[in-house]
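Here the structure is laid out as structure tokens; the discussion comes afterwards.
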Amino acid sequence: MTTDTTAATRSASAGEAPITVDHPLSMDEVAAVIARDIPAGAFVNLGIGQPTKIADHLPEELGVVLHTENGMLGMGPKAEGAQIDPDLTNAGKVPVTELPGAAYFHHADSFAMMRGGHLDVCVLGAYQVSAHGDLANWHTGKPGDIPAVGGAMDLAIGAKDVYVMMTLFTKSGAPKLVRQCSYPLTGIGCVSRVYTEVATFDLRPHGVHVLETYGITLNELRSRLDVELL
């Protein structure tokens, strides 16, 4: 990440106005921002799709333990070349590596970990997130779309902190951070933070706080979102 992003983090944590980085982030850069914010030693589940990129940005010395719902603790970064083992994949069937001490277990045991409150953080994609932390990420409600909830409901309710990684706007420009979700809900009041290519948001009981912005000003965000930003 750039030094500007580091400065934005310092400013946001000090309670000052967020500093604007001068370009929207790529999804790899968003993944790096999320990796920076995951506490050392945390047990973390990375949802299928873009959140799996986070594994490639976690420093080994942080001791973060990655859980995947198909039955593994101690997952490492994505496997490349000769590292690829077709029997060693994450829940999205992407080949991954294993870290020292990695463990394997039954799918049912994996879900018991998710439902039992044993995960510190999960990172999920989303179609919409409400200002109150409601999550909609399994179905748009359109006829013909294939619902794909997977283990998201279990993760959304079971993890101590739920982070969302998504683009802030749809291809048509509609906001995905909204006052109230119009899509079927995955979980109610479960999301604590939203990471996007143009801003990071903290969802708190008294409102939505903008922690960082990238290639957009706070006033521009306010003009495009029907959500009060603090």
Side-chain angles (χ1 to χ4, degrees), residues 1 5-15 25 27-79 83 88-92 94-126 133 135 150-166 187 189-195 200-204 209 211-212:
M1 296 302 300
T5 303
T6 303
T9 306
R10 287 198 300 270
S11 179
S13 64
L25 304 185
M27 283 296 107
D28 280 311
E29 289 176 313
V30 175
V33 171
I34 299 172
R36 174 204 66 194
D37 289 350
I38 291 175
F43 287 85
V44 179
N45 181 285
L46 303 177
I48 292 172
Q50 299 287 1
T52 61
K53 294 177 179 288
I54 297 164
D56 299 330
H57 298 278
L58 288 168
E60 190 172 340
E61 61 270 19
L62 281 184
V64 172
V65 180
L66 294 181
H67 166 278
T68 179
E69 66 190 63
N70 54 321
M72 181 183 180
L73 269 179
M75 180 180 72
K78 181 175 65 175
Q83 295 177 318
L88 185 58
T89 69
N90 62 25
V94 175
V96 295
T97 56
E98 58 183 359
L99 299 180
Y104 305 90
F105 32 84
H106 193 278
H107 205 167
D109 294 324
S110 182
F111 270 75
M113 294 176 190
M114 293 155 55
R115 295 168 180 166
H118 303 290
L119 295 177
D120 297 302
V121 177
C122 76
V123 186
L124 299 171
L135 171 67
M153 288 182 176
D154 305 89
L155 288 166
I157 299 304
K160 295 170 187 173
D161 264 315
V162 177
Y163 297 166
V164 163
M165 177 181 180
M166 67 178 189
C190 56
V191 177
S192 53
R193 191 167 289 184
V194 176
Y195 293 85
T200 298
F201 305 90
D202 210 32
L203 307 188
R204 304 178 189 175
H209 286 247
L211 299 184
E212 301 178 9

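Heads up: numbering here begins at 1 and tracks the sequence.
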Working for side chain to side chain contact (heavy atoms under 4.5 Å, CB included), residues Asp161 and Asp120: CA-CA 6 Å; Asp161 264 315; Asp120 297 302; over 6 Å; no
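- In this structure, the side chains of Met166 and Val30 stay at 4.5 Å or more apart for every pair of heavy atoms.
- For Ala102 against Gly74, the heavy-atom pair with the smallest separation is CB-O, 3.8 Å.
- Contact between His118 and Ala112 at its shortest, heavy atoms only, is CD2-O, 3.9 Å.
- The side-chain heavy atoms of Leu99 and Met75, taken from C-beta on, include no pair separated by under 4.5 Å.
- Side chains of Tyr163 and Asp37: no donor on one and acceptor on the other come within 3.5 Å.
- Two residues are said to be in side-chain contact when any heavy atoms from C-beta on lie closer than 4.5 Å; Ile38 and Ile54 meet this criterion.
- Across all non-hydrogen atoms, the minimal contact from Leu66 to Leu58 is CD2-CD1, 3.8 Å.
- Checking side-chain atoms of Asp56 against main-chain N and O of Lys78 turns up a donor-acceptor pair under 3.5 Å.
- His57 places none of its side-chain heavy atoms less than 4.5 Å from the side chain of Ile34.
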Side chain to side chain contact (heavy atoms under 4.5 Å, CB included) evaluation trace for Phe43 with Leu73: CA-CA 9 Å; Phe43 287 85; Leu73 269 179; 4.2 Å; yes
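- In this structure, Leu25 and Tyr195 have side chains that are not in contact, with every pair of non-hydrogen atoms separated by 4.5 Å or more.
- Here the closest heavy-atom approach between residue Ala156 and residue Cys190 is recorded as O-CB, 3.3 Å.
- Using a 4.5 Å heavy-atom threshold, the side chains of Val44 and Leu119 count as separate.
- In terms of heavy atoms, Gly151 sits closest to Met114 at O-CE, 3.6 Å.
- Salt bridge Glu212/Arg36: present, at least one basic N to carboxylate O contact under 4.0 Å.
- With hydrogens and angles disregarded, no donor-acceptor distance shorter than 3.5 Å links the side chain of Asp154 to the backbone of Arg115.
- Looking only at distances, a side-chain donor or acceptor of His107 sits under 3.5 Å from a matching main-chain atom of Glu69.
- Residues Leu155 and Val162 form no side-chain contact, since every pair of their non-hydrogen atoms from C-beta on lies 4.5 Å or further apart.
- With rounding to the nearest 0.5 Å, the separation of CE in Met27 from CD in Gln50 is 6.0 Å.
- Between the SG atom in Cys122 and the NE2 atom in His67 there is a gap of 11.0 Å [rounded to 0.5 Å].
- Of all heavy-atom pairs spanning Gly125 and Val164, the tightest one is C-CG1, 4.5 Å.
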Audit row: Leu88, Tyr104, side chain to side chain contact (heavy atoms under 4.5 Å, CB included) steps and yes/no: CA-CA 10 Å; Leu88 185 58; Tyr104 305 90; 3.6 Å; yes
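- Contact of the Arg193 side chain with the Phe201 side chain is not registered, since no non-hydrogen atoms from C-beta on lie closer than 4.5 Å.
- In this structure, Met165 CE and Leu46 CG are separated by 9.5 Å, a value rounded to the nearest 0.5 Å.
- Thr200 places no side-chain N or O within donor-acceptor distance of the main-chain N or O of Leu211, the cut-off being under 3.5 Å.
- With 3.5 Å as the limit, one finds no donor-acceptor pair spanning the side chains of Asn90 and Thr52.
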